[in-house]
Chemist: 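Handing you a structure now.
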Amino acid sequence: MTRVLALHGYGTSGEIFQSQTAAFRFKLPKETYTFTFPNAPLPSAPTVGVDSIWNQVSKFYGWWPVQSSSISEIRASHDHLEEILLSSEEGPFDLVIGFSQGCTLLMSYILYRYQEHLLTRPADEKFELPFKGVMFICGGPSLPVLQDLGVNVTEKAWEVHSATAALLHKRTEQLKFKADNPDTIKRGEGLWDEVGDLIHDPTSKKSVDPNDVFGLDFTDERMRRALGDLGEIVPTVHVYGAKDPRWPASVQLAHLFEGGMNERFDHGGGHELPRTTECSMRLAELMEKLRRRVEGLEREEQ
């Protein structure tokens, strides 16, 4: 049985993430997976629009305050995560999936743990995590964490972060209005179809230049020192939507783990997990591929 830890986004809950992932989990092989959906440690206000959709849920949580860039608060969330990962009741876990802030939590946890290993353990000792593979959904890196690890975070990267975060907030305000006023939704209108103000082209098929992934240079020596060979060590799946204002951050996150299994799936939507049959089937396929990789069943598949 493959045990999966599922980490929700800011201003939601384990219960909500369980609902968000229900469609694709239903497509997974029966009696193969068990999922654990913990709540983050900090009570929070609901993310805009969440309480309109999940109006039966009364409590919401975050891994750290959404406006915070405090390294100490992020590191404190790692302590809580590690308690779950090492719990005799909950763990051990084979795979971890995260959504939005849950992805940032995972990314920062992995990078700090990796750097601590390099500094404190013998050079020939294998780096290991308390899980074997990760699925990131609509996530992004923490720029303060990268900066804390010595990466050159350019002014452009900070500008992209600020602009995309503001756009996501704007879009969720619009979605909340439509959820509260369903009569304003036009037939055939997608809730994420407004793309004219995005900083990226959602129709572009061009590959991103690794020298400038929305302000991050993945060829820079400081970036290489921070990342090392993590891409070869940690198999990852990256799921995002072309209409998500935060799509640039998801692409940055995917670049952090290049080098090994680094599957990417653009579902074409927004900052969400679409429940269409096509999307659910693809997510289930990727979860199965990740499971088989970490269990050594498809080591040569990339």
Side-chain angles (χ1 to χ4, degrees), residues 2 4 6-9 12 15-35 37 47 49-50 52-54 95-100 102-103 133-140 168 171-172 174-175 178-179 182 185-196 198 200-208 235-251 253-255 257 261-294 297-298 301-302:
T2 298
V4 184
L7 306 174
H8 64 78
T12 63
E15 179 184 358
I16 290 174
F17 197 28
Q18 189 170 3
S19 172
Q20 289 173 310
T21 57
F24 99 79
R25 288 188 293 110
F26 183 75
K27 304 294 184 183
L28 293 169
K30 299 295 186 290
E31 300 181 0
T32 304
Y33 296 86
T34 60
F35 286 80
F37 294 88
T47 291
V50 164
S52 297
I53 300 172
W54 285 277
L95 304 175
V96 186
I97 63 175
F99 181 85
S100 197
C103 295
V134 183
M135 176 180 280
F136 294 105
I137 305 171
C138 295
L168 179 59
R171 200 72 82 246
T172 53
Q174 294 168 337
L175 297 181
K178 291 180 179 180
I185 302 176
K186 300 176 183 178
R187 182 179 295 275
E189 178 185 46
L191 297 180
W192 296 91
D193 283 352
E194 182 182 337
V195 297
L198 298 180
H200 69 279
D201 179 1
T203 66
S204 176
K205 302 300 182 183
K206 294 181 180 179
S207 59
V208 180
T236 57
V237 172
H238 302 265
V239 180
Y240 40 74
K243 297 177 182 177
D244 183 358
R246 290 283 291 159
W247 183 88
S250 291
V251 174
L253 180 60
H255 272 74
F257 292 93
M261 179 178 176
N262 185 272
E263 294 285 334
R264 305 184 192 188
F265 170 50
D266 191 329
H267 56 62
H271 199 76
E272 59 180 340
L273 197 55
R275 304 186 187 195
T276 63
T277 298
E278 179 183 7
C279 180
S280 297
M281 289 295 294
R282 182 60 179 146
L283 286 170
E285 290 171 2
L286 289 169
M287 179 65 81
E288 270 291 273
K289 189 171 185 177
L290 186 60
R291 177 185 69 83
R292 291 176 65 82
R293 168 54 68 90
V294 303
L297 301 176
E298 295 182 354
E301 183 178 3
Q302 296 205 7

Chemist: Got a second to check how far Lys243's NZ is from Asp266's CG, nearest 0.5 Å?
Modeler: 10.5 Å
Chemist: Hey, could you give me the OH/CZ distance between Tyr240 and Arg246, rounded to the nearest 0.5 Å?
Modeler: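 Separation between the atoms: 14.5 Å.
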Chemist: Taking atom NZ as the centre, does Lys206 end up with more than 12 heavy-atom neighbours from other residues, nucleotides or ligands that are less than 6.0 angstrom away?
Modeler: no
Chemist: Drop me the distance from Leu7's CG to Met135's CE, to the nearest 0.5 angstrom.
Modeler: 13.5 Å
Chemist: How close do Arg275 and Gln20 get, counting heavy atoms only, and between which atoms?
Modeler: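 Closest approach of Arg275 to Gln20, heavy atoms only: NH2-CA, 3.7 Å.
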Chemist: Could you tell me the separation between the CG atom of Leu253 and the CD1 atom of Ile137, rounded to the nearest 0.5 Å?
Modeler: 11.5 Å
Chemist: Any sub-3.5 Å donor-acceptor pair from Ser250's side-chain atoms to Gly139's backbone N or O?
Modeler: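 Yes, because the side chain of Ser250 sits within donor-acceptor range (under 3.5 Å) of the backbone of Gly139.
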Chemist: Check whether Asn262 reaches the backbone of His255 with its side chain - one donor and one acceptor, N or O, closer than 3.5 Å.
Modeler: no
Chemist: Looking only at heavy atoms, which two atoms of Thr21 and Gln18 are closest? And how far apart?
Modeler: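 Closest pair (atom of Thr21, atom of Gln18, distance): OG1-O, 3.3 Å.
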Chemist: Mind listing the closest non-hydrogen atom pair of His267 and Gly241 along with its distance?
Modeler: CE1-CA, 3.4 Å
Chemist: Could you check Leu290 against Met261 for side-chain contact (heavy atoms from CB on, under 4.5 Å), going step by step and ending with a plain yes or no?
Modeler: CA-CA 8 Å; Leu290 186 60; Met261 179 178 176; 4.1 Å; yes
Chemist: Give me the atom names and distance for the closest heavy-atom approach of Cys138 to Cys103.
Modeler: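 Heavy-atom minimum between the residues: C-SG, 4.5 Å.
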Chemist: Given Leu198 and Arg171, is the side-chain contact (heavy atoms from CB on, under 4.5 Å) satisfied, shown in steps?
Modeler: CA-CA 11 Å; Leu198 298 180; Arg171 200 72 82 246; 3.8 Å; yes
Chemist: What pair of heavy atoms forms the shortest contact from Phe265 to Cys279, and how long is it?
Modeler: CE2-SG, 3.9 Å
Chemist: Per the side chain to side chain contact (heavy atoms under 4.5 Å, CB included) rule, which among Ile97, Thr2, Val237 passes with Met287?
Modeler: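 Answer after filtering Ile97, Thr2, Val237: Ile97.
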Chemist: Under the criterion side-chain contact (heavy atoms from CB on, under 4.5 Å), I'd like the reasoning laid out for Trp192 against His271: C-alpha separation, chi angles, the key distance, then a yes or no.
Modeler: CA-CA 8 Å; Trp192 296 91; His271 199 76; 3.6 Å; yes
Chemist: Hey, could you give me the OG/CD distance between Ser100 and Glu272, rounded to the nearest 0.5 Å?
Modeler: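 Reported value, rounded in 0.5 Å steps: 12.5 Å.
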Chemist: So Phe24 and Arg282, do their side chains get closer than 4.5 Å, heavy atoms only?
Modeler: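 No; the side chains remain at least 4.5 Å from each other.
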Chemist: State yes or no: are the ring centers of His238 and Phe136 separated by less than 6.0 Å?
Modeler: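 That pair passes the under 6.0 Å test.
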Chemist: Restricting to ring pair (Phe, Tyr, Trp, His ring centres under 6.0 Å), what partner residues turn up for His200, sequence neighbours left out?
Modeler: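 Residues passing ring pair (Phe, Tyr, Trp, His ring centres under 6.0 Å) with His200: Trp247.
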Chemist: Can you label the angle between the Phe37 ring and the Phe35 ring as parallel, tilted or perpendicular, going by 30° and 60°?
Modeler: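 Rings of Phe37 and Phe35: parallel, under 30°.
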Chemist: Residues in side-chain contact (heavy atoms from CB on, under 4.5 Å) with Thr203, at least two apart?
Modeler: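 With neighbours one apart ignored, the set is Asp201.
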Chemist: Could you work out, with side-chain contact (heavy atoms from CB on, under 4.5 Å) as the rule, every residue matching Pro29, not counting sequence neighbours?
Modeler: Thr32, Tyr33, Glu288
Chemist: Where do Thr12 and His8 come nearest, in terms of heavy atoms and distance?
Modeler: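 Looking at all heavy atoms of both residues, the closest pair is OG1-ND1, 3.3 Å.
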